[in-house]
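We count ligands from 1, going down the list as the structure has it; atoms in each ligand are counted the same way.
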Amino acid sequence: MNISVIGSGYVGTTIAACFADLGHNVVNVDIDTGIVDAINRGEPPVHEDGLPELIAMHAGEDGTGRLRATTDYSAVLDTDVTFLCLPTPQKSDGGIDLSIMEAGAKQLGETLAQKSGWHTVVVKSTVVPGTTEEVITPIIEEASGTTEGELLGIGMNPEFLREGTAVHDFRHPEKVVLGADNERTLEDMHDVFTPLIADADPHIVETNTRTAEMIKYANNGFLATKVSLINDIGNVCKEFGVDAYEVAEAIGLDDRIGEQFLRSGLGWGGSCFPKDTNAIIHAAKEQGYTPAVLEAAVEVNDSQPERLLSLLDDHTDVSGQKVAVLGLAFKPGTDDIRNSRAIPVIEGLRERGASVTAYDPVAAENMEARFPEIDYADSAADALADASACVVCTDWDEFAVLDDEFEEMKTQVVVDGRRVIEPREAMTYEGLTW
Ligand SMILES: NC(=O)C1=CN([C@@H]2O[C@H](COP(=O)(O)OP(=O)(O)OC[C@H]3O[C@@H](n4cnc5c(N)ncnc54)[C@H](O)[C@@H]3O)[C@@H](O)[C@H]2O)C=CC1
Ligand SMILES: O=C(O)[C@H]1O[C@H](OP(=O)(O)OP(=O)(O)OC[C@H]2O[C@@H](n3ccc(=O)[nH]c3=O)[C@H](O)[C@@H]2O)[C@H](O)[C@@H](O)[C@@H]1O
């Protein structure tokens, strides 16, 4: 099939490269020329495992030619299906900001006005229930002069991939949710996923667009709450001198609980859990219902960085002292720092007058744009040298093998927010929930 993908960030780039790899002809449309040029050179615009190989294989001079990128929306005219992968950020009141989606939908609709045959549009972005039907569809209908169900189909296909393992997750989904309000749209969405379904045999959930939208929020809300619940339990464990990881391992043996997403510590960050929980809380309140458990999940999450800092305060006064921050990305395997828990930790350290030296294998450059005034080390060893304390914010594997490097610290005070450091005799070690 010929597929266009509007928005070429973490999701748009990944799904475009994976669709090309499944045999489709794909064009990425993005307003950012840097991103478009990178893809056309055969290089990934974002850091994702497996993406460099896929883009090199299908885009650029030596590629199969099945993937290209452009800033020109008219590229969608040569395609059968368009995926909208635009950002849906959070407004200052916590609600979803649909302005980028609305602008993209309008431009897409104006472009589709030039098409005479059927076209299917699929909303891939995370949007609150009713958005596809009540916001996106009317904009595209008006701009294209076409009515949904006649020569235009508009479906909703939420994405469940995780950053850092995006390519793997796309290729091995547990489920594919196809939300459509008419048969032809559903058929087109099926056709797009047919090669993936043949390869990976996921569960297929067919539903309407509104339910597909809600499934995405329920999925993220549930996972975010699971982590907050184990953090809440972990905080209780710590009060009793009990190791929350030992407890988590035991309760995870119960199939009804499951072993995943039980790593307690600094909490969840990233581009989605924080904005999505806030968006669904806000949308529910607009309907007159306050989701108390989701609100509590956010509250617990917001308090974990402060708990880490107060554990540090119990051991040392960091004012005027060098403090090493290990890990800046919101999770390992990505350079994404959006809502990283390292941000409130660094803010807290700076409020205490500490001189912060941060290290991350890939995310330092992104954090430098956020905190240009702190120091960035080229290695964990350099960050630790002469530091009076160290806090761990991301569970990168390379931190687990640090050893003699701690001996170069001025005082070996380590507060671990992610359970990665092996405590040793000369070290004053505090785990956040163990
Ligand atoms: N990042 C993730 O792991 C996941 C994200 N999602 C959802 O997918 C959506 C996209 O997220 P990301 O890929 O992370 O966003 P992103 O911010 O990484 O990428 C968005 C891209 O859209 C481009 N863009 C902005 N306005 C445009 C326009 N008018 N026309 C064309 N391109 C435009 C930007 O230049 C950027 O490259 C969001 O709704 C998000 O909640 C869903 C599942 C996973
Ligand atoms: O909608 C999205 O964008 C995506 O959000 C999450 O994916 P992602 O944010 O990339 O990463 P996760 O692996 O879910 O981690 C999120 C945060 O939770 C934290 N976490 C996760 C698991 C855990 O046990 N403990 C824990 O603190 C991580 O450190 C990270 O900060 C979901 O897992 C994806 O299914 C979803 O598609």
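With hydrogens left out, the protein atom closest to atom 18 (O) of ligand 2 is W268 CB, 3.3 Å, a heavy atom. Closest protein heavy atom to atom 10 (O) of ligand 2: E163 N, 2.7 Å. Of the protein's non-hydrogen atoms, K331 NZ, 2.8 Å is the one closest to atom 13 (O) of ligand 2. Among all non-hydrogen protein atoms, the one lying nearest atom 20 (N) of ligand 2 is V227 CG2, 4.1 Å. When only non-hydrogen protein atoms are considered, atom 7 (O) of ligand 2 lies nearest to R162 CG, 3.5 Å. Nearest protein heavy-atom neighbour of atom 21 (C) of ligand 2: F261 CE2, 3.7 Å. Distance from atom 6 (C) of ligand 2 to its nearest protein heavy atom, with residue and atom name: F273 CE2, 3.4 Å. Protein heavy atom in closest approach to atom 30 (C) of ligand 2: F330 O, 3.6 Å.
Residue contacts with ligand 2 leave out G270, since none of its heavy atoms falls under 4.0 Å from the ligand. At least one heavy atom of N220 lies less than 4.0 angstrom from ligand 2. Under the 4.0 angstrom criterion for non-hydrogen atoms, G267 is in contact with ligand 2. For the pair K216 and ligand 2, a heavy-atom separation below 4.0 Å is found.
The aromatic rings of W434 and Y245 sit perpendicular to each other, their planes meeting at more than 60°, with 30° as the lower class boundary.
Closer than 4.0 angstrom to ligand 1 lie heavy atoms from I6, G7, S8, G9, Y10, V11, V29, D30, I31, D32, I35, Y73, C85, L86, P87, T88, I100, S125, T126, E159, L161, E163, K216, S271, C272, K275, R338.
In D169, neither the side chain nor the backbone holds a heavy atom less than 4.0 Å from any atom of ligand 2. Residue-level proximity to ligand 2 for Q260 is absent, since no heavy atom of it falls below 4.0 angstrom. Neither the backbone nor the side chain of T334 comes within 4.0 Å of ligand 2, counting heavy atoms alone.
Under 4.0 Å is where a charged nitrogen must lie from a carboxylate oxygen, and between R338 and E163 at least one such pair does. Salt bridge D336/K331: absent, no basic N to carboxylate O contact under 4.0 Å.
Between the side chains of Q90 and D97, no donor-acceptor pair of N or O atoms lies under 3.5 Å. Side-chain contact of T64 with H58: a donor-acceptor pair under 3.5 Å is present, judged by distance alone. Donor-acceptor pairing under 3.5 Å is recorded for the side chains of N182 and T185. A side-chain N or O of S74 and one of D72 form a donor-acceptor pair less than 3.5 Å apart. Under 3.5 Å, the side chains of H203 and E174 contain no donor-acceptor pair of N or O atoms. With hydrogens and angles left out, the side-chain atoms of H47 and T334 include no donor and acceptor closer than 3.5 Å.
An N or O contact shorter than 3.5 Å is missing between C272 and ligand 2 by distance. Distances between N or O atoms of L223 and those of ligand 2 include no value under 3.5 Å.
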Practice problem: Could you walk me through whether F19 and F170 pass ring-ring contact (aromatic ring centres under 6.0 Å, His included), step by step? | Solution: CA-CA 10 Å; F19 282 149; F170 182 90; 5.4 Å; yes

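The line from CD1 of I140 to CD of Q107 is 12.0 Å long, rounded to the nearest 0.5 Å. Atom CD1 of I6 and atom CE of M101 lie 9.5 Å apart (nearest 0.5 Å). Taken from CD1 in I35 to CD1 in I39, the straight-line distance is 7.0 Å, to the nearest 0.5 Å.
At least one side-chain heavy atom of L402 sits under 4.5 Å from a side-chain heavy atom of L326. Looking at heavy atoms from C-beta onward, H172 lies out of side-chain contact with D199 at the 4.5 angstrom threshold.
Proximity to R418 (heavy-atom distance under 4.0 Å) selects the following atoms of ligand 2: 27 (O), 29 (O).
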